[in-house]
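Below, each value reflects all heavy atoms present in this structure, side chains not excepted, and no hydrogens, waters or symmetry copies. Quick note on labels: first sequence line is chain A, next is B, and so on, each numbered from 1.
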Amino acid sequence: MKRAPRPWVWVPPVEQEVDEEIAFHVEMHTRDLIANGMTLEAAREVARQRLGDLHRLRCECVSLGRKRNRIMRITQWLDDSRGDLLLAAWRLKAGVRDSRELCVPCGHARRDAAAQTTAEAARGRKMTRPADPSTMARNVELKARAEENEVPIAVEAVNSPAAVTAASYANEPIRFAPLQVVDLASEAAAVSEPYRNQVMSRVNGSCLRLAVFNDVFRWHHHPNSDELFLVVEGTLVIDLENGTELRLGPWQSVTIPAGTVHRTRAVGRTVNLCFEELAADTVFV
Amino acid sequence: VSQPSGRCRSLSHYLDNLCNDAMTIHKPTNALLHGTLDALILKTLTGGPRHGYGIARSIESTSDDSVVVEEGSLYPALYRLERRGWVVAEWAISELGRRAKFYRLTQRGRSQLVAETEAWRAFAAGVSKILLAR
């Protein structure tokens, strides 16, 4: 599907936009009038007259175009910062004073798993929500387990699809080390939030993710990684941009090729495993 | 004979005009009612993206030329619709082989069109009840 160029990628100056548009209109009208038997000069004159006072029209359109651009810039900014704003509002409401964790560069972060250390995880520079009591209890448990295993863990997790950014998605730490038995069923059962996506293990350059959610994720694609979904519980619908719905039940799987824009949608509570490059970039669209 | 002062002249001119105006039966205009143009533009775009000129011609041809779009109002209306998020503009290659601004209806525009159509139906029914009453 052809997408509209995003406004900040290419925007002609408003004056140029208006001039080109009016010139195009006059040219089209002139051609039609000539086709109906008018001379070039007469046709051009009629086409211009139909537009009324050209100077006034231009001024009005330029003024409206500027207002439109201002509003579009604000809307775009709000859209881009939606996750951050939601989080900021949540934290303000919760009265959390420590703002250091709020500021997250929302770029297409790459992750080097080898460089990821316990110290980095401890710095916790990803978008986090303050934990509710149940999450806190779980975090204490996870922290103890991590210390035992010396594996970095997410102390607090992004638990709403709206709060997920490319950076927070890419910076999920790896929960379990090699040679460690992982009980995925109990890990899934332990999730009480509406959304949780964790990297459980690393396999060569790829990873196994466990996603538990009952919500709709945002449209996105991974430019550098195929993504395999394997549903374990519930029903997961994967919407593709062309309108296709891939509906997966337990023990059904599908691979979404790199660069394919998609959106996951849980029907009720869904548990699924996802296999993809550990350093998969995510681009929200 | 004294010349009437400027003020008197303009007053008499006004009165003449007023009398002429009162005596003449004006041909009903096919100018659009305020606000109707927006709805017509939205409706036209349900058929797919079009440039401004295409919108104007489409409205006129669909109405068998009974509605004449005032082209000087068309473009300001399109910019306002864009600002409200009811349409988005995209630059694409036109039939002339050069780029032109095409307008496309958004989801919000579709919802607005539904509301506008409903409002028009109610308004037209009300006016008909009065004008067509026996």
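Considering only heavy atoms from C-beta on, Arg50(A) stays 4.5 Å or farther from Glu70(B) through its side chain. A heavy-atom distance below 4.5 Å is not found between the side chains of His25(A) and His51(B).
By a heavy-atom distance cut of under 4.5 Å, not one residue of residues 105-112 of chain B is near chain A. Taking 4.5 Å as the heavy-atom cut-off, the residues of residues 76-84 of chain B that approach chain A are Pro76(B), Tyr79(B), Arg80(B), Glu82(B), Arg83(B), ordered by number.
Note: Glu27(A) CD to Ser94(B) OG = 8.0 Å, rounded to the nearest 0.5 Å.
Environment of CZ in Arg265(A): crowded, with over 12 heavy atoms of neighbouring residues, nucleotides or ligands closer than 6.0 Å. Shown here is Arg269(A), whose CZ atom has more than 12 heavy atoms of other residues, nucleotides or ligands within 6.0 Å.
Of the listed residues (Leu54(A), Asp32(A), Val26(A)), the greatest number of heavy-atom pairs within a distance under 4.5 Å of chain B belongs to Asp32(A).
Ring geometry for His29(A) versus Tyr53(B): interplanar angle of 30 to 60°, hence tilted.
Checked for salt-bridge contact, Lys101(B) and Glu17(A) meet the test: a charged N lies under 4.0 Å from a carboxylate O. A salt bridge is absent between Glu21(A) and Arg98(B): the closest approach of a Lys/Arg side-chain nitrogen to an acidic carboxylate oxygen does not fall below 4.0 angstrom.
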So Tyr75(B) and Leu51(A), side-chain contact (heavy atoms from CB on, under 4.5 Å) or not? Walk me through it. CA-CA 9 Å; Tyr75(B) 287 96; Leu51(A) 281 164; 4.2 Å; yes
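With a 4.5 angstrom heavy-atom cutoff, Arg56(A) does not touch chain B via any of its atoms.
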